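The block underneath contains the structure these notes are about, expressed in structure tokens.
Not measured: the values here are computed from a predicted model.
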Amino acid sequence: MQFRPCIDLHQGKVKQIVGATLNNENKNVIENYVSTYDSSYYAEMFQRDNLTGGHVIMLGDGNQEAAIQALQTYPGGLQIGGGINADNAEEFLKAGASHVIVTSYIFQDGELKMDRLEKLIEKIGKERLVIDLSCKQKDGKWYVVTDKWTKFSNIEITPSTVNELEKYCDEFLIHAADVEGKRGGIAENLVAKLADYVAIPTTYAGGVRSMEDLQLFEQLAKGKLNVTIGSALDIFGGDLSYQEVVEYCRR
């Protein structure tokens, strides 16, 4: 299990927000933490601690400058997501991203658009692509959500879905959007399902608030998943020691 750090950017600042409150108008977004440090501060920290595979997420417009600053500070050490498409993916890779992360570009009108996915792969190669399968629960099933997690797709997280999409990317990133940012515990049934389904590197995000949660995650993940922690960490205003998490995951 690797700890995969995150730098979430909203309105040009490093923030931790409650993902379920995201909307296309940027209104009534609940902010857990707004950092006084810029994105390069965190990129330097993650580089110093030899943490790879972390992600920079641009939550809406006005974040590109801060994102590129982080990528240039830690070239090859961070992935980039948020508004990525076939036209701009190469720009971010050249700026230093190891991978680009996509959701809404390839999931449109509730469906997977294979032409868009294939166009992206043709431009950058599947080895530089992370597919974001961030999801919410509906009727006891998990469905991919798009457009800042405001729209349900008809793509259910199942073994066959995961199996098929693994052919087109290097990794998955999966936020449990219902619990992300709420510091209320992990989505246990989703973690257990993903551990059974995935065969490529997969990072889970959502709800880890304590070392006990991290230990539970490790148990359920069976060594198959990596983990992101945001709002709960002391570097983002929480109570959970960033350094303790780094050291635990290294062990």
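- Judged as a ring-ring contact (aromatic ring centres under 6.0 Å, His included), the pairs with a partner in residues 34-72 (not counting sequence neighbours) are, in order, Tyr37-Tyr41, Tyr42-Phe236, His55-His175.
- Although no hydrogens or angles enter the test, the distance criterion places no donor-acceptor pair under 3.5 Å between the side chain of Ser153 and the main chain of Lys151.
- For Lys222, the salt bridge (Lys or Arg N to Asp or Glu O under 4.0 Å) criterion is met by Asp196, not counting sequence neighbours.
- In plain terms, the two heavy atoms of Asp234 and Ser241 that are nearest each other are OD2-CA, 3.5 Å.
- In this structure, Thr158 and Lys193 have side chains that are not in contact, with every pair of non-hydrogen atoms separated by 4.5 Å or more.
- Taking each heavy atom of Ile200 and Cys169 in turn, the nearest pair found is CD1-SG, 3.8 Å.
- Distance check, rounded to the nearest 0.5 Å: OG1 of Thr203 to CZ of Arg4 gives 4.0 Å.
- Asp8 contributes no side-chain N or O that, together with a main-chain N or O of Val14, makes up a donor-acceptor pair within less than 3.5 Å.
- Note that CG of Asp239 is 11.5 Å distant from OG of Ser231, once rounded to the nearest 0.5 Å.
- Judged by distance alone, with hydrogens and angles left aside, the side-chain atoms of Lys136 form no donor-acceptor pair with the main-chain N or O of Ala176 at under 3.5 Å.
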Check the pair Gln243, Leu233 against side-chain contact (heavy atoms from CB on, under 4.5 Å), reporting the backbone distance first and the verdict last. CA-CA 9 Å; Gln243 210 56 55; Leu233 293 178; over 6 Å; no

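- Rounded to the nearest 0.5 angstrom, Ile155 CD1 and Thr161 OG1 are separated by 6.5 Å.
- In this structure, Glu247 and Tyr242 have side chains that are not in contact, with every pair of non-hydrogen atoms separated by 4.5 Å or more.
- Residues that satisfy the side chain to side chain contact (heavy atoms under 4.5 Å, CB included) test with Asp170, not counting sequence neighbours, are His99.
- How far CZ of Phe172 is from CG of Leu225: 11.5 Å, rounded to the nearest 0.5 Å.
- Shortest non-hydrogen contact noted between Gln16 and Cys6 is NE2-SG, 3.8 Å.
- Using modelled atom types, one finds no donor on one side chain facing an acceptor on the other under 3.5 Å when comparing Tyr197 with Asn163.
- Closest non-hydrogen pair, Ala187 versus Trp142, comes out as CB-CH2, 3.9 Å.
- Taken to the nearest 0.5 Å, the OG atom of Ser39 stands 11.5 Å off from the CE atom of Met58.
- The shortest heavy-atom contact between Ile68 and Ala95 is CG2-CB, 4.2 Å.
- Between the side chain of Asp132 and the backbone N or O of Ile101 there is no donor-acceptor pair closer than 3.5 Å.
- When the side chain to side chain contact (heavy atoms under 4.5 Å, CB included) test is applied to Glu65, no partner is found at least two apart in sequence or on another chain.
- Put simply, the side chain of Tyr248 reaches to within 4.5 Å of the side chain of Glu218, judged on heavy atoms.
- Residues Ile229 and Phe3 form a side-chain contact, since some pair of their non-hydrogen atoms from C-beta on lies under 4.5 Å apart.
- Residues Val100 and Val130 form no side-chain contact, since every pair of their non-hydrogen atoms from C-beta on lies 4.5 Å or further apart.
- Every side chain to side chain contact (heavy atoms under 4.5 Å, CB included) that Arg48 has, sequence neighbours left out, goes to Met45.
- The neighbour count for Lys141 NZ, taken as heavy atoms of other residues, nucleotides or ligands under 6.0 Å away, does not exceed 12.
- For Lys15, the side chain to side chain contact (heavy atoms under 4.5 Å, CB included) partners at least two apart in sequence or on another chain are His10, Gln11, Lys13, Ile17, Glu31, Val34.
- The closest side-chain heavy-atom distance from Ile7 to Ile57 is not below 4.5 Å.
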CA sep, side-chain torsions, deciding dist, call: Leu59, Leu9, side-chain contact (heavy atoms from CB on, under 4.5 Å): CA-CA 6 Å; Leu59 299 170; Leu9 300 171; over 6 Å; no

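- At least one donor-acceptor pair closer than 3.5 Å links the side chain of Gln108 to the backbone N or O of Ser104.
- Summarising the geometry, atom OG belonging to Ser134 is positioned 5.5 Å from atom CG belonging to Leu173; distances are rounded to the nearest 0.5 Å.
- Screening residues 207-235 for ring-ring contact (aromatic ring centres under 6.0 Å, His included) gives Tyr204-Phe217 as the qualifying pairs, with residues at least two apart or on separate chains.
- Applying the salt bridge (Lys or Arg N to Asp or Glu O under 4.0 Å) rule to Asp213 yields the partners Arg209; only residues at least two apart in sequence or on another chain are considered.
- Between Ile174 and Leu133, the shortest heavy-atom contact is CG2-O, 3.6 Å.
- Among pairs with a residue in residues 111-131, none fulfils side-chain hydrogen bond (donor to acceptor under 3.5 Å, both in side chains), at least two apart in sequence or across chains.
- Qualifying salt bridge (Lys or Arg N to Asp or Glu O under 4.0 Å) partners for Lys94, counting only residues two or more places apart in sequence or in other chains: none.
- At a threshold of 4.5 Å between non-hydrogen side-chain atoms, the residues Thr150 and Val145 do not count as touching.
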Side-chain donor-acceptor pairs under 3.5 Å in residues 70-92, sequence neighbours left out?
unit_1 : atom_1 : unit_2 : atom_2 : d
Thr73  : OG1    : Gln69  : O      : 2.7
Tyr74  : OH     : Leu51  : O      : 2.9
Gln79  : NE2    : Glu171 : OE1    : 3.2
Asn85  : OD1    : Asp87  : N      : 2.8
Asn85  : OD1    : Asn88  : N      : 3.0
Asn88  : OD1    : Asn85  : N      : 2.9
Asn88  : ND2    : Gly83  : O      : 3.0
Glu91  : OE2    : Gln64  : NE2    : 2.7

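- Contacts classified as salt bridge (charged side-chain N to carboxylate O under 4.0 Å, His left out) and involving residues 154-164 (residues at least two apart or in different chains) are given here: Glu164-Lys167.
- Tyr168 is not listed as a side-chain neighbour of Leu129, based on a closest heavy-atom distance of 4.5 Å or more.
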